[in-house]
Structures are given as C-alpha cells and as structure tokens.
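Shown next, in structure tokens, is the structure this report addresses.
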Amino acid sequence: MKQFISGVLRFISQLSKSIWLFFPGIIFLLFGIFCFWTLGQGKDIIVAFTENTSKTIFSINYTRIIFFVAIGFWAYVSWYSARIVSYIKKTRQKDEIKVISRTNEETAEKEYAAHYNIFEVGKNFLDEFPRIIGNSCFLVLELALLQSPAALHAISSAVTWISFFILLIVLRYINKWVNDKLAMKSSFRKLFFVLLFILIALIIITSLFNTIYILTLFGLLIVFHVVFILYINLRRVRMERKAEQVMLVQKEKQKEPNMLERLMDYFCIPRKEIGYFKWSLFIGISGIVLYIASIIWLSFARSIGPFPFIILAFGVLLAFGNIVTAFSVKFKVNFHFILLILAFVLGFGETHYVRTIDLQTNNNYESRPDLKAYLTAWLHDRNISALPDSMKYDMYFVMSNGGASRSGYWTAGVLGRLEDASLIHDKTNRFSDHVFCVSGTSGGGVGVATFFSLLRNKELHTDALYAKSAKAFLKQDYFTYTFARMLGPDFFNYIFHVSAVKDRAAALEMSFEESSHIKNDSAYEVPFYDTLSKFPALKDGRTYLPILFINTTRMQDGNPGIVTNLKPDSGIFNERIDVLNLLGNNKDISLTSGAILGARFPYLSPAGRIANNYFVDGGYFDNSGAGVIQETIRGILNIEKEDSMGNGTLYTQIKKLRFNVLHIVNSPVEEDSSSIVKVPPIKNDLLSPILTIEGAYDMQTTVNDMRLINYVSDINRFGGHQAVYDRISLYKDSTEWSRDPLRTRFNKEPSYAMNWFMSDTLLRRIDNRLIQNPQLNNLINYFEQKEP
C-alpha cells in the first residue's frame with residue numbers, strides 16, 4: 001500500500017512538473033477551448049466559416065485551404081517544438097548523470113535508460129506529452145465543431161469535457177498500437193501517403209464549393225487527425241533508418257557539420273531527425289509568413305477570416321513560447337520570467353496614443369454651438385412657431401447600448417429603417433428631421449455614428465437606402481485585422497516598441513475607414529474616414545446635423561467623457577470631459593477614432609491616450625448613454641423655464657414639443673433570476689471585490705436607464721409636456737418568445753454573439769428581427785400616420 005501511494009504521488013509530481021515544462025502548448029490549448037467551446041463569439045466564428053464566401057482563386061476557396069494549413073501548422077508546431085524541449089531536457093538529465101558519476105556518454109545513456117524515473121520529469125512523460133499536445137490540437141477543434149450551433153444536434157458542454165479526457169486516453173493507446181504494431185509493417189508508409197493524398201484531394205474538392213456542412217468539416221478534420229497520427233509514428237521507422245545512414249557516413253569520413261546540423265546539435269536534436277527538422281523549419285516559416293501578412297495587410301487578414309487566423313496565431317505564439325522554454329531548459333534560467341520583468345521595466349514607452357490628424361488651420365472646436373444656440377436654430381429651421389398650439393412636434397432623443405458589431409448593426413438598421421420608411425411616406429417629413437441628438441456607447445456609439453454620418457448628405461440622399469447602406473458597412477469583418485495586431489505587434493511591443501506598426505485599436509479604426517471607401521452604386525457612402533470637424537452641428541447658422549454624443553470613460557478616475565459636436569456646458573452636462581477640447585487647436589481626429597474611443601473595451605481595444613488622459617469604453621460608466629440624454633432634456637426644460645419669465649419665443653416653441661426617448665437595446669431586457677445563486681466561501685473570500693465591481697458595472701447602466709425612464713414619466717405627469725419612452729429590443733420579451741416556433745427547440749432565445757465580426761446566420765437573424773420587431777413596426781406606423 002505504501003509503495004502504491006508513493007507511486008501515485010510520484011506520478012502526480014511528474015505530471016505537474018511536465019505541465020509546467022510544456023505550459024506554452026497547454027496554454028494555447030486552453031485558449032482554444034475558451035475561444036471555441038465557451039465564447040459565443042468563437043462559436044459564431046465557426047458558423048461563419050461554414051457559410052458562403054466569395055474568396056476564391058480560379059473558383060477555389062483558398063480560405064478553406066489556408067484553414068487546413070493553419071491547423072497543420074498549429075498541430076505540427078505544438079508537437080515538434082514540445083519534442084525539442086523534451087530532447088533538451090533529456091540531454092540535461094544525461095549530462096547530470098555524466099557529471100555525478102564521472103562516466104562517458106555511452107554509460108550515461110545506459111544509466112539514464114535504467115533510472116530515468118529518478119528525475120523530476122521522467123522519460124515517459126517527456127516522450128508522451130508532445131504527442132498529447134499535438135493530438136489535443138485536433139481534439140479541441142473536432143469537439144468545437146460538434147458543439148457548434150451549426151451542428152444539427154450539438155453536444156453539451158459537459159459531454160464535450162468528458163469526451164475530451166476519454167479520447168485523450170484512447171489516443172494514447174492508439175498511438176502506442178500504431179507505433180508497436182502498424183509502424184513496423186512494410187505497408188505502413190504506403191497507407192500514410194494514400195491517406196495524405198485522399199486528404200489533399202478532399203480539401204481541394206470541398207474548396208470548390210462556397211459552403212461546407214459542419215459534419216463535412218468534421219470528417220475532414222478526422223482524416224487529417226489520422227494522417228497526423230500516422231506521420232508522428234512513421235518518423236520512428238524513418239529515424240531508425242536515418243540513424244544507420246548517419247552512422248555509415250560518420251564512419252566513412254569525419255566531415256565538418258553544416259549550419260543546419262550545428263543548429264540541431266545546439267538544441268540537442270538527434271541528427272537522424274534532420275528530415276523532420278527541415279520540415280519543421282519549412283512549416284514554421286510558411287506559418288510565420290501568413291501570420292505577418294495578416295498583420296500588415298488588412299485585405300489579406302479579411303480574406304482568410306478569423307477562424308484560420310486564430311489557429312495560425314496560436315501556432316506562431318506557441319513556437320515563440322517553446323523557443324523561450326528551450327533556452328530556459330538548456331541554460332537552467334527562467335527566460336519567461338526575465339522577459340516578463342523586461343516588459344515591465346521597458347514597457348513605459350507609450351504605444352496606445354489615439355490617432356490624431358495634424359491640421360494647417362484651426363479645428364474650430366471652440367466655436368461649436370452650446371445647447372441653447374443649437375436648440376434655437378433647430379426650432380427655427382422647423383418653423384415650430386407656426387404650428388397651432390394644439391399640435392405637438394415630435395423631438396427624438398436616440399440612445400443605444402453597447403455590444404460591438406451586434407449593437408452597431410442593430411442600431412444603424414433600426415434608425416435606417418425609420419429613415420427609409422419616412423422617405424417612402426413623405427420626403428418633406430423625414431424621421432431624421434425630428435432627431436435632436438443621438439447618444440451611444442461602444443458598438444451602439446458606432447451604430448449611431450454610422451447613421452449620423454449618412455445624414456451629412458441627406459439633401460442629396462433622398463432614396464430609401466439608409467438601412468441597406470448602414471448594414472453593408474457594419475457587416476464587414478472588423479475583428480481579424482484587429483486581433484492580428486493584438487496577437488502580433490502588441491504582444492511584443494512591451495519590449496521592442498516598433499512605432500511604425502500601429503496598435504490594435506488603430507487597426508480597428510483603419511478597418512472601419514477602409515470599409516467606408518468601398519464604393520457601391522446601390523448604397524450610400526458612409527464617410528467614417530473624415531475628420532470630426534467636418535460634421536458640425538450648425539452650418540451657416542442652420543442645423544446641419546443632429547447632436548452626436550459618443551460616451552467614453554477616463555481610465556484614471558472613472559470620470560465620464562463625451563465626443564460631441566456640441567460645446568458642452570459643464571453645468572448642464574455635470575462636468576463631463578469634453579474630449580475634443582483636449583486635442584488642441586491644430587489637431588483633429590476622424591469620426592472613426594471618435595466613435596471607437598467609446599468602444600475601447602479591453603482586452604481587444606486598449607485605453608487610448610490623449611494628452612495625459614486615457615479613455616476606455618463608455619460602458620464602464622453608462623452603457624446606454626442615458627445620462628447625457630437626461631441632461632440634455634433637463635437643459636432644454638431649464639432653457640424653457642428661463643425664457644418663460646418674459647413669455648419669449650423659445651418658451652412658446654418648446655411648449656409645442658413632444659419629447660420622445662428612443663432606446664435601442666441589443667441584450668435581454670428581462671432579468672434572469674437564475675443568475676442569483678449561492679457563492680462558495682472560497683470564491684467569496686478571493687473574488688468578492690471583482691464580482692461586486694462586475695455586477696455594479698451592469699447595474700449602473702440599469703440604474704441610469706431607470707432614472708431616465710422615471711424622469712420621462714415625471715415630465716409627462718408633472719412637467720407640462722408630453723413625453724414618451726420607447727424601447728426597441730433585439731431580443732424578444734417573454735410574451736414574444738412564448739409564441740416563437742423556436743421555443744420547441746430552445747428553453748430560451750438563442751443569444752446573439754457580441755463581436756466585431758458576425759456570421760451570415762447571425763446577420764440574417766438580426767435582419768429578420770428588424771422586419772418583425774413589433775415596437776419598431778408600431779413606431780413606423782405611428783410616424784407614417786402623423787402629419788408634418
């Protein structure tokens with residue numbers, strides 16, 4: 001019994017130390033599990049990969065080919081780089097025997113074979129772990145496909161985890177059986193090449209079709225996995241034959257080793273593996289070339305898409321991690337720790353400045369109108385004074401919650417559909433004529449900014465193309481290029497500070513600006529590339545555009561800020577930071593930079609620096625922009641009150657207004673009581689501050705929203721004005737869901753993934769919701785029936 005317990009403890013000890021030794025490969029396996037098993041965004045990325053795509057050369061879908069190249073790269077690098085680490089570790093262990101026993105190489109080899117278990121990581125673990133990591137790369141992707149929403153009967157998370165560990169054990173014995181039985185047969189090599197040819201042929205054939213079924217993709221992965229298993233066991237036979245050839249050459253003549261052989265000797269790789277080492281270099285260089293191309297060229301990053309790139313990046317960063325591990329083992333120095341210290345010591349060079357544009361003239365932000373000046377012009381241009389006292393003119397205050405592309409696409413689609421409906425009904429009474437201001441946060445800010453920018457040429461844009469134009473702009477892939485910078489330059493810039501390559505936030509902005517240059521005869525251009533100074537609220541004393549509020553948060557103190565074409569009075573807007581006022585007279589930012597400044601949600605987008613201020617996502621303080629809307633309405637009512645003293649023009653005009661708050665939301669609006677559950681004591685002790693802050697982050701927006709709703713209700717009841725609050729939700733409420741046919745398949749409405757990239761399936765769901773949303777249709781009906 002004592003011996004059994006001792007063996008178990010020794011096994012656990014060696015297992016834990018093996019995990020630490022090979023942790024780079026294991027970390028990226030965990031990243032893969034997190035991305036593709038847990039995150040809704042990762043599952044949507046897989047769905048998108050199976051859908052229709054036009055990325056073809058000679059009718060071949062090269063994205064699919066790159067995907068399988070990326071998988072081979074990740075699995076091969078995971079396995080072989082871990083193998084190199086194990087070779088170095090074994091060599092260090094043999095050297096210890098030689099030093100302690102003062103014996104020669106041959107004797108040390110025999111002693112090591114007989115007593116390898118005395119070391120912290122035994123030979124069995126060093127041999128098996130690289131294979132486990134390589135096989136796990138395939139398992140992670142195979143099980144991700146089986147639990148994808150695109151699968152007809154997706155497996156549950158619990159089944160996925162159980163299957164993963166069972167299959168790891170099964171694969172260990174399959175590898176042993178192949179190595180012991182099959183690999184020694186003469187037909188083994190032929191079998192490998194036949195399956196390799198079949199795999200390549202199937203990949204090419206499936207690449208001729210635009211779409212691919214999830215089970216077809218799963219089948220190809222299985223074939224690829226079998227080829228990989230045969231390959232890593234074929235190497236054993238090939239190595240033994242190569243060893244005999246190497247021995248013969250060395251006996252015939254003692255030649256000076258070439259550069260490649262010296263490199264292999266340095267990393268303790270047996271010379272008999274020279275063919276496999278060459279392949280590892282070739283595959284590694286190919287993967288790095290594709291990786292660098294994705295970082296440099298936006299068009300290439302978009303063409304391969306997020307799924308292949310994520311796998312490609314895993315392979316490159318894993319290779320870097322295992323190279324550092326190899327040096328650490330070789331010199332018995334933890335270089336990972338040294339690099340971490342260097343990143344902290346050298347990481348003071350700023351890499352996250354907000355992109356600014358140098359101007360030859362003044363940006364004129366000091367001459368922006370204040371609320372009273374804009375309100376006066378807005379009321380005058382609509383000739384409110386001429387309306388009879390019994391008629392109320394609708395004034396709209398639009399606000400939109402954050403939610404990345406999901407929110408932007410939904411928000412711009414809602415506003416575009418309202419504008420299109422009004423154009424079809426009456427071109428002289430457009431919805432946008434009634435919009436006083438738009439406020440948004442994160443993706444919602446991008447959505448309202450998209451609609452806002454389309455209105456700059458509203459006098460020329462009189463066709464009902466607003467929804468189509470906005471959706472065509474916002475459905476683009478804004479994730480891959482951004483993520484490439486995150487897992488590329490931003491990963492290394494803590495030490496090297498290559499200023500020529502912009503950070504991931506700039507990459508996101510450049511993606512939007514590139515999309516705004518795409519010409520389409522059947523859609524309007526979305527001028528996101530232009531500077532904010534070219535979107536004034538007033539022009540020649542007349543209203544030119546609605547007021548724009550992009551909500552952001554200063555990182556250092558949590559103070560809310562706004563990017564706006566209004567000159568915000570600190571008394572009305574409660575000391576909110578006027579971001580444009582921080583730029584200086586001869587600097588400007590693009591509309592994209594302004595919109596993204598409210599959407600910098602770590603870790604995909606870092607805090608952006610302007611002067612000594614760092615700005616992050618506005619959702620940290622208010623994820624809907626409700627606060628600034630309430631302050632605007634309150635400011636208007638105060639202006640009315642001040643003008644009432646002399647019964648002035650503004651007073652009589654404001655009295656004829658009906659205040660309409662239009663709240664566009666993209667997350668479930670009904671509270672899920674199941675989220676309030678018991679917390680284990682250890683979680684309470686360790687994580688209660690973090691969990692509280694996380695909960696307060698969500699509740700702060702809820703409280704702001706409820707404060708505005710109650711304020712609107714008070715105006716309607718006691719303020720002498722008609723006021724309406726309308727919520728247009730992407731998700732269905734319980735009443736709608738109870739009548740939905742999908743309820744027979746799902747307990748609750750399937751979620752809409754939040755990302756800067758969306759699959760066609762997700763886009764179609766949002767498009768259908770735009771047509772079927774009852775609140776939106778009611779608002780369109782109300783607007784069409786109302787006279788100017």
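In this chain, numbering begins with 1 at the start of the sequence shown. Keep in mind that what you see is a predicted model, and the values were worked out from it rather than measured.
For the pair E575 (side chain) and G571 (backbone), a donor-acceptor distance under 3.5 Å is absent. Under the 3.5 Å distance criterion, the side-chain polar atoms of N565 are left unmatched by any main-chain donor or acceptor of I547. Side chain of S422 to backbone of E419: a donor-acceptor contact under 3.5 angstrom is found. No donor-acceptor pair under 3.5 Å is formed between the side chain of R485 and the backbone N or O of D490. Proximity of a side-chain donor or acceptor of T356 to a complementary backbone N or O of K587 within less than 3.5 Å is not detected. Looking only at distances, a side-chain donor or acceptor of T450 sits under 3.5 Å from a matching main-chain atom of V446. In this structure a side-chain-to-backbone donor-acceptor pair under 3.5 Å is missing from R609 to E350. A donor-acceptor contact shorter than 3.5 Å links the side chain of Q556 to the backbone of Y614. Between the side chain of R727 and the backbone N or O of V665 there is no donor-acceptor pair closer than 3.5 Å. Put simply, the side chain of N551 never gets that close to the backbone of G598: no donor and acceptor are under 3.5 Å apart.
Annotation: side chain of R302 is in contact with side chain of S515 (closest heavy-atom distance under 4.5 Å). No side-chain heavy atom of D370 sits under 4.5 Å from any side-chain heavy atom of D569. Using a 4.5 Å cut-off on side-chain heavy atoms (C-beta onward), R430 and T462 make contact. Contact of the L415 side chain with the Y466 side chain is not registered, since no non-hydrogen atoms from C-beta on lie closer than 4.5 Å. Considering only heavy atoms from C-beta on, V526 comes within 4.5 Å of L454 through its side chain.
Ring-centre distance between F34 and F31: not below the 6.0 Å cut-off. Residues F479 and F757 keep their aromatic ring centres 6.0 Å or farther apart.
Remark: the D617 side chain and the S442 side chain contain an N/O donor-acceptor pair separated by less than 3.5 Å. Side chain to side chain, N401 and S407 fail the donor-acceptor criterion of an N or O pair below 3.5 Å. No side-chain donor from either of E509 and S590 sits under 3.5 Å from a side-chain acceptor of the other. Side-chain contact, S759 with D44: a donor N or O sits under 3.5 Å from an acceptor N or O. A donor-acceptor pair shorter than 3.5 Å can be found between the side chains of S624 and D622.
Scanning all heavy atoms of the two residues, the minimum distance from R456 to P527 falls at NH2-CB, 3.5 Å.
Crowding of R634 atom CZ: a count of heavy atoms from other residues, nucleotides or ligands under 6.0 Å not exceeding 12. The number of heavy atoms from other shown groups lying within 6.0 Å of NE2 (H380) does not exceed 12. Other residues, nucleotides and ligands place more than 12 heavy atoms under 6.0 Å from the NZ atom of K458. Residue-environment remark: CG (D557) exceeds the threshold of 12 foreign heavy atoms within 6.0 Å.
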| task | Evaluate the criterion side chain to side chain donor-acceptor pair (under 3.5 Å) for residue pair D381 and Y544; output intermediate values, then yes/no. | result | CA-CA 10 Å; D381 291 344; Y544 184 59; over 6 Å; no
| request: Determine, step by step, whether R368 and T564 satisfy the side-chain contact (heavy atoms from CB on, under 4.5 Å) criterion, reporting the C-alpha distance in whole Å, the side-chain angles of both residues, the deciding distance to 0.1 Å, and the verdict. | output: CA-CA 9 Å; R368 287 172 293 169; T564 177; 4.2 Å; yes
| Stepwise, does the side-chain contact (heavy atoms from CB on, under 4.5 Å) test hold for C437 with F549? | CA-CA 7 Å; C437 70; F549 292 118; 4.1 Å; yes
| field | Worked verdict on K475 versus D767 for salt bridge (Lys or Arg N to Asp or Glu O under 4.0 Å) | value | CA-CA 11 Å; K475 74 178 183 180; D767 288 343; over 6 Å; no
| message | Applying side-chain contact (heavy atoms from CB on, under 4.5 Å) to V354 and I610, what does each step give before you reach the verdict? | response | CA-CA 6 Å; V354 174; I610 298 177; 3.7 Å; yes
| request: Would you sort out whether I636 and M395 count as a side-chain contact (heavy atoms from CB on, under 4.5 Å), showing the intermediate values? | output: CA-CA 11 Å; I636 293 172; M395 173 187 275; 4.0 Å; yes
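With values rounded to the nearest 0.5 angstrom, I304 atom CD1 is found 12.5 Å from Y481 atom OH. Taking NZ of K372 as the reference point, atom CD of E642 lies at 6.0 Å (rounded to 0.5 Å). Atom CE of M399 and atom CD1 of I629 lie 7.0 Å apart (nearest 0.5 Å). Atom CZ in R576 sits 11.0 Å away from atom OG1 in T552 (nearest 0.5 Å). Atom CD of E366 sits about 4.5 Å away from atom NZ of K567, to the nearest 0.5 Å. I66 contributes atom CD1, which lies 12.0 Å from atom CD1 of I311 (distance to the nearest 0.5 angstrom).
Under the side chain to side chain donor-acceptor pair (under 3.5 Å) criterion, T632 pairs with no residue, sequence neighbours left out.
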